[in-house]
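To start, the structure under review is shown below, and the notes come after it.
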Protein chains: 2
Amino acid sequence: MSRSDHDPSPLDDAARAGWLSYVGGMTQDQIAVELGVSRQRAQRLVSRAMAEGLIRVRLDHRIGACLRLEAELTRRFALMECRVAPALAPGADPAHGIAGVAAEVFERVLARPEPQVIAVGTGRALRGMADELQPQPCIRHRIVSLIGNIAPDGSASFFDVLMRIADKLQAPHYPMPVPVISDSAEERASFYRLRPVRAVVDLAQRADATFVGVGQMGDDAPLYKDGFITLDELRDLQRQGASGEVAGNIYDASGRYLETELIGRMGGVRIAPASDRPVVGIAAGPTKVAAIRAALTGRIINALVTDETTAQALLA
Amino acid sequence: MSRSDHDPSPLDDAARAGWLSYVGGMTQDQIAVELGVSRQRAQRLVSRAMAEGLIRVRLDHRIGACLRLEAELTRRFALMECRVAPALAPGADPAHGIAGVAAEVFERVLARPEPQVIAVGTGRALRGMADELQPQPCIRHRIVSLIGNIAPDGSASFFDVLMRIADKLQAPHYPMPVPVISDSAEERASFYRLRPVRAVVDLAQRADATFVGVGQMGDDAPLYKDGFITLDELRDLQRQGASGEVAGNIYDASGRYLETELIGRMGGVRIAPASDRPVVGIAAGPTKVAAIRAALTGRIINALVTDETTAQALLA
DNA sequence: TCGCATGGCGGGCAATTGCTCAGAGGAGAG
DNA sequence: CTCTCCTCTGAGCAATTGCCCGCCATGCGA
């Protein structure tokens, strides 16, 4: 087959190989012949296409067991929406399985006819969701960040969820220009006094839908592991009953926000409990069960995307 | 792993196996262990999940060569929209490759904020698109058929595109209660005089977007092969310069509708040329090149989803 | 109750895929 | 100009997958 076109991007070849493999169902030998390369190169291209996330896989069948868990969680915690992804292998990254399902929930919000303001947090699960989103122009919606992404060392973008989502949707987006943790409550307040900051905070607080990860406050709490707080500070929070964290706000086992000097310096927008608009928690994994349950109990989140294993633990 | 749930649907197991395989990336041996079945059964379940269409694969990367073809087609035929899917193996079903791409275009129409009336034709390509659509509730839109689906022998649903789409979208839908071919022009006219029929026809004619297949009029024309017209009638049409067919209306090489006694009996809604709203032709394959080019030339369709090979032929 | 058709199940084998390893080629520093 | 480092390449091999075949259970008619 004469493929006379000059393919400048190396990803083009990968995409083409992935297309032939996944859509065309061709064997790697056939792909190699079609593309005029060696079998090994074809295999590398296909594997690259997968690794680069060029290929998006969705399952159209809702499994009965998951539907039952969704119904039970919805009833028990009076949720506005709930999605349970099938269990993956016990050792696998729990964020991976729920990413696609979370993306479907997000896309449903995008499908609403009215222009939406959508607030997003950060974290591994949100990042996974962003990667699974189907690219589509949605310029009528606005995406706003609930939390700054400036790390203690000044570097940006740990998991830059906002930019990735806005990029896929070509939507206007509003980063939160505030440090995750300021040096003092005064510094935080001075940020919040700035007019542009206030505008973003206002937008976030009146979001039509909110998507957040849920952080746990055990000994390997993300806040501590990512260097936002010290071990001493973590221990102190644990002593005060910290159970979880949503958008940089820490709450106890009943889902009530804690108030400490440290928390007074944290930059995230505080989500008002018991919102009448969906606040979707996206989280799974055995370590997060307590944090998720607390957030559900306190109605900090009123919708949930999780996996089967976590759902069972939440109901146990 | 104790999976104590009773899975009533056999598809549930297939879906779970497919999930573990495609999302979890597990080997069939691991899946077998996880599900507590033999390796062979796991393999059968995974293969079943694929065969039943439970798994939807999309590619997120637009290949440069295809983008160039899209740009050139758009320019040459003054198209409102154009998408070119990468080439598949020469022998493969051309409808398969373009189905996913067509579904993306359709979904973009669904994403419009205003309630849309979407008209659809029939055929293999449309059917493929329907299968690739992502299920999502879109009750604000209406789907209307351009053409009846009553075969000469009275059986319904050759490729019942309308129902499949409406089913996935839970959208109101309007079938066209008219035979594909009536026995006489008078019979056709009497159908069209019925108020419910008129209502559907009106709706179809003012659709905000239209999706149609393109039929060719060679010796193996679908109209003839599916038994809607006889060989003699086909020959007669060919003599009169029939080049293609869209929604049961036949046109010549310059894309002008033909008028014959036979055509006067055909039940499809005639699409007005040069519409100011998108009329998307979904078609690919070497046999269809002439029919597509004619439809483009006559501006019966003003948007196109096709594959690389066909695109090259159209531009040659 | 028996015989036969049907359909699912596991065993085994051939095809396909993924991975590792040694070597080639190219860019950049000295 | 040469050396080194780094990446990419192709070969070979082990793991994985797909498929065919004989077997068994179940259901239906005689």
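Keep in mind that the numbers below use all heavy atoms, side chains included, and drop hydrogens, waters and symmetry copies. Here is how names work: the chains are called A, B, and so on, in the same order as the sequence lines, proteins then strands, and each is numbered from 1. The structure presented is a predicted model; accordingly, all values stated were derived computationally and were not measured.
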Pairwise side-chain contact, Val212(A) with Val120(A), heavy-atom cut-off 4.5 Å (strictly under): no

Which pair of non-hydrogen atoms, one from Ala42(A) and one from Val37(A), has the smallest distance, and what is that distance? N-CG2, 4.0 Å

Can you check nucleotides 18-20 of chain D for protein contacts, nitrogen or oxygen pairs under 3.5 Å, and list what you find?
{"unit_1": "dG18(D)", "atom_1": "OP2", "unit_2": "Gln28(B)", "atom_2": "NE2", "d": "2.7"}
{"unit_1": "dG18(D)", "atom_1": "OP2", "unit_2": "Gln43(B)", "atom_2": "OE1", "d": "2.7"}
{"unit_1": "dG18(D)", "atom_1": "O6", "unit_2": "Arg39(B)", "atom_2": "NH2", "d": "2.8"}

Please check if the side chain of Lys288(A) supplies one atom and the backbone of Val214(A) the other of a donor-acceptor pair under 3.5 Å. yes

Please round to the nearest 0.5 Å and tell me the distance separating atom OG of Ser21(B) and atom CG of Leu45(B). 11.0 Å

What are the two closest non-hydrogen atoms of Ile63(B) and Ala15(A), and how far apart are they? CG1-CB, 3.9 Å

Could you state the atom-to-atom distance from CG of Asp13(A) to P of dC8(D) in whole Å? 13 Å

Between CD on residue Glu104(A) and CG on residue Leu133(A), distance to nearest 0.5 Å: 10.5 Å

With a cut-off of 6.0 Å (strictly less than), are more than 12 heavy atoms of other residues, nucleotides or ligands near NE2 of His96(B)? no

Any side-chain N or O of Ser38(A) below 4.0 angstrom from OP1/OP2 of dT9(D)? no

Using a heavy-atom cut-off of 4.0 Å to chain A, what are the terminal contacting nucleotides of DNA chain C, in 5' to 3' order? dT16(C) to dT20(C)

Identify the heavy atoms of Ala130(A) and Ile165(A) that sit nearest to each other, and give their distance. CB-CG1, 3.6 Å

